[in-house]
Amino acid sequence: MDPNRILTGPYTLKPLKQLNTSKCSKEEILDYFENAYSLNESLFTILSCEEAFYKCPDRLRLPLIFYYGHTAVVYLNKLTLAGLLQERVNFEFETMFETGVDEMNWDDTENYRMGGSYKWPSVNEVAEFRGEVRKLIRQVILDTPLELPVTQESPWWAVFMGLDHERTHIETSAVLIRQLPIDMVRNIEGWKLAPRTHEDGVNNKIAMVTVDASEVTLGKPVDYPTYGWDCEYPQVNKSVPAFEASAFLITNKQFFHFVNTRGYHRREWWTKEGWEWKTFREAKHPVFWVCTKGCKSNCGADLADYTHCKPKDSTNDDNSNGHSTNGVSHGDDAFERKHGRKYRYRTMCGEIAMPWDWPVIVNYHEAKAFCNWKKDDFRLPTEAEQWAMRDDEVPSDEMHNVNSAYDSSTPVNMYPPSQKGFYDVIGNAWEWVEDNFNGYPGFKSSYLYDDYAGSSMDGRHNIIVGGSWISRSGSMAHFSRYAFRRHFYQFAGFRLCRSVNFSEDPPVVLVPQINAKQDFTISLRNTDKHIQQSKNQQFLEERPEALQKRLQEEYGSMNEGNFYSRLHDICLDIVQAHNNSFNRVLDVGCACGRLAFELAKDFKEVVGLDFCEQYICASEQLKKKGHLSYHLLNEEDLDQPPPAKQARTNGEEMAEDAIIPSGVDVNRVTFKQMTWLPNELADYDLVIQHGLERVQNKKAWLVRLWEVITPGGVAVVVCRDGWTEKDLMPILESRLKLVDSKQLEYNNNNNVEYKANITVWCHK
């Protein structure tokens, strides 16, 4: 049952239902924690050998050992932020397993932690660590007073976040395990596949159902009594013009005809991005289909040359690892006889005969290519249209393939349809929709996980909705909306859709990519009407004019009255007042590096950190060359938020050089782009946080300061938007004490006088 000795509790494949945050007891929370923890570990018993833990089933994902350890670390991190934990368990592991890989493009270089040179701990060491964490979280649940209802402001929200994150990663890990070489997985006790067909099967002709124009409410009520991620809130009303969509998710059989007519070889069906992905990936069919032609797998590192599609071994026609589905195909025998042996199907634990009536699992690019191949103005549904297909009430688990009712997809006609005639609008397989991922109006990130959703609101991510067979529950699947890059694989399929009246655009959300040519993949009469700026305000700083403005502010005046010169002097005074020997400095919100360079005059090691990629790139260029050209903005634009009204670039005379301060040893300075303060940032003598006016969640950038500074260190918090110690005290006072506060008067290039509030903090 446990060949690699990874279980720290009982083996189970039976998930509990989602907790009610308004009336759950400690005993129920503890049971749910134990169940989720054991479910995740039990999934990893599918791995047949320890070697499999160190493989990369996906070329842009870390080895599986990371995902085995990761969820335990998230409990520790979130409970620490919420003040429910006071001490770390194993800070080395809590740093190593904190952050995964979120590649920007399908052709990104593999992360250094994917190769054989990176030293991961043994499976036994990680299992022992998970066991320690399990005991600790149990104790926190038992010892912490429970006040109901548990809301987003409650410290207990961190516990529920850890629980939901654990359940989410069961699905993440399942997708990866399913891509491992087949000899690295095994059949496990209690694993139950669905039948390949149901009743008379699914007609190959795609049945369409019409939905009249309607008003739809998307999103989750703030007081709904289950845990939710920040991007699910708040509710929003949308008008949905009449449309028609396929009653069923597109099946493997229906997608086969696209594959069989050389759909993967014909450029005209694919978007520009999709064709580039397909060409790079050398994809010839969906990722979980298996043929005999040696197709390139999606695996990485030392599995990069592995293929699932091996020539047929006539001596062994069954690679199912003892698995079979609970039924045989009896839908279209003629089709089965003609095409049934062309492809087999990869499940979690082995291979089976192709389940033609199960939903096809594809990424967005493949789904979109199928729509284009079908012509007749077919597209994917929008998020609002997918909600319009559902029933009004929150669904029950029993009516949908969710929460591991089966350990696989089911035939698309197996569960009853919604009242409007649509099958699997909840469960079985996630659905790709046309919308770019963005927050609803009124979106607010959680300080516990500030970059959970916001980092994906960049126009490069689309949404999947509705949940899959392994998703947590019907209610969870009802509200869930996840952001994935369009090349990403999840247990996601799709259905066809098109407008009834082509004079009315569908209710789609499009988010422009920063500094990239727009290539929206849906045809609209009025595209501009559907474009929304990212709800993550931090992306606005990636615009070209924002960089010009920032360079002008930081380097346009090198006099002593400049903000950065004045702040540097104040930091020196603070250090001298503490009579400490400070060597390591962290500049949080460093932007284009002016303060970091100033600090390098006096400190041996300075790290400049910012969330903005182009600011960090500019800092690196300044470090390398000593100067960087920029264009002046009109004076009236200096006080305007980006985009600036006008950049004066008509002649070389308007160009200026940003020059680093004299007397700086640039080798003392390192720049890093990070969207939060991770565990790797620790043991700094002096931390200056001076970018709070630019972030979307101030608390998220403050709550870890106590852990970043040394026991004798100092944190300096600079607020330029009116925040004072009264605003900071509720966030910082549990771990730090206020030792000084003052005002900093400075002027910028327009000679206008400004004031900033400075507070100084140290450990209690």
Side-chain angles (χ1 to χ4, degrees), residues 98-99 102 104 445 447 450-451 454-458 514-515 534 536-556 562-565 567-568 571 584-600 603 605-625 628 630 641-642 658 660-661 664 666 668-682 684 686-705 708-709 715-721 723 748 756:
E98 179 181 21
T99 310
D102 188 21
M104 291 303 295
S445 69
Y447 82 93
D450 178 37
D451 70 333
S455 60
S456 300
M457 298 174 187
D458 58 0
I514 302 296
N515 299 337
S534 172
N536 182 354
Q537 69 180 47
Q538 295 172 190
F539 280 123
L540 301 181
E541 308 248 349
E542 298 290 356
R543 297 195 249 193
E545 58 267 32
L547 176 60
Q548 306 304 312
K549 178 180 177 181
R550 181 60 56 180
L551 287 168
Q552 186 172 348
E553 179 194 334
E554 293 187 34
Y555 297 93
N562 178 278
F563 171 77
Y564 302 95
S565 298
L567 182 55
H568 163 259
C571 288
R584 302 187 73 229
V585 180
L586 178 65
D587 175 10
V588 183
C590 71
C592 294
R594 170 70 186 275
L595 179 62
F597 288 127
E598 295 278 3
L599 293 167
F603 299 96
E605 180 185 349
V606 179
V607 174
L609 182 149
D610 204 275
F611 61 79
C612 180
E613 181 181 7
Q614 70 169 349
Y615 292 173
I616 293 297
C617 290
S619 300
E620 293 282 7
Q621 287 295 309
L622 283 161
K623 176 183 175 181
K624 181 179 179 180
K625 298 180 179 179
L628 183 65
Y630 66 93
I660 64 174
V664 175
V666 296
R668 293 181 171 186
V669 186
T670 303
F671 294 103
K672 295 184 178 183
Q673 182 196 7
M674 293 180 174
T675 55
W676 82 108
L677 299 182
N679 288 343
E680 68 179 78
L681 298 174
Y684 287 93
L686 173 65
V687 177
I688 305 104
Q689 168 57 277
H690 66 99
L692 290 175
E693 73 279 358
R694 298 194 292 119
V695 302
Q696 67 174 355
N697 191 316
K698 291 182 174 65
K699 186 175 181 179
W701 288 88
L702 292 166
V703 73
R704 258 208 83 228
L705 285 182
V708 178
I709 60 175
V716 178
V717 180
V718 184
C719 299
R720 293 203 268 178
D721 60 353
W723 267 40
N748 276 351

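Just the heavy atoms: all of them, side chains too, but no hydrogens, waters or symmetry mates, feed the values below. The structure presented is a predicted model; accordingly, all values stated were derived computationally and were not measured.
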Checking [X] side chain against [Y] main chain: does a donor-acceptor pair fall under 3.5 Å?
{"X": "Y555", "Y": "L628", "answer": "no"}
{"X": "E98", "Y": "N679", "answer": "yes"}
{"X": "E554", "Y": "R594", "answer": "yes"}
{"X": "Q614", "Y": "E541", "answer": "yes"}
{"X": "Q673", "Y": "D610", "answer": "no"}
{"X": "E613", "Y": "Y615", "answer": "no"}

Go through the structure and list residues passing side-chain contact (heavy atoms from CB on, under 4.5 Å) with K699, not counting sequence neighbours.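 side-chain contact (heavy atoms from CB on, under 4.5 Å) list for K699, sorted by chain: Y447, N697, I731.
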
Could you grab the distance from atom [atom1] of [X] to atom [atom2] of [Y], nearest 0.5 Å is fine?
{"X": "C617", "Y": "L547", "atom1": "SG", "atom2": "CG", "answer": "9.5 Å"}
{"X": "Q689", "Y": "L609", "atom1": "CD", "atom2": "CG", "answer": "9.0 Å"}
{"X": "S565", "Y": "L595", "atom1": "OG", "atom2": "CG", "answer": "9.5 Å"}
{"X": "Q538", "Y": "D458", "atom1": "CD", "atom2": "CG", "answer": "12.5 Å"}
{"X": "M674", "Y": "T99", "atom1": "CE", "atom2": "OG1", "answer": "8.0 Å"}
{"X": "W676", "Y": "D450", "atom1": "CH2", "atom2": "CG", "answer": "10.5 Å"}

Minimum heavy-atom distance between [X] and [Y], given as atom pair plus value:
{"X": "S619", "Y": "G593", "value": "OG-N, 3.4 Å"}
{"X": "A600", "Y": "R668", "value": "O-NH1, 3.0 Å"}
{"X": "F597", "Y": "P661", "value": "CB-CD, 3.8 Å"}
{"X": "F539", "Y": "G454", "value": "CE1-O, 3.2 Å"}
{"X": "L540", "Y": "A546", "value": "O-CB, 3.9 Å"}
{"X": "Q537", "Y": "R694", "value": "NE2-O, 3.4 Å"}

Option among L599, L586, V585, D587 that satisfies the side chain to side chain contact (heavy atoms under 4.5 Å, CB included) test with V607: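 Among L599, L586, V585, D587, the one meeting side chain to side chain contact (heavy atoms under 4.5 Å, CB included) with V607 is L586.
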
Going by atom types alone, do Y564 and E553 pair a side-chain donor with an acceptor below 3.5 Å?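 Distance-only check passes for Y564 and E553.
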
Quick check: do C612 and E542 have side-chain heavy atoms less than 4.5 Å from each other?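 Yes, close enough: below the 4.5 Å cut-off.
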
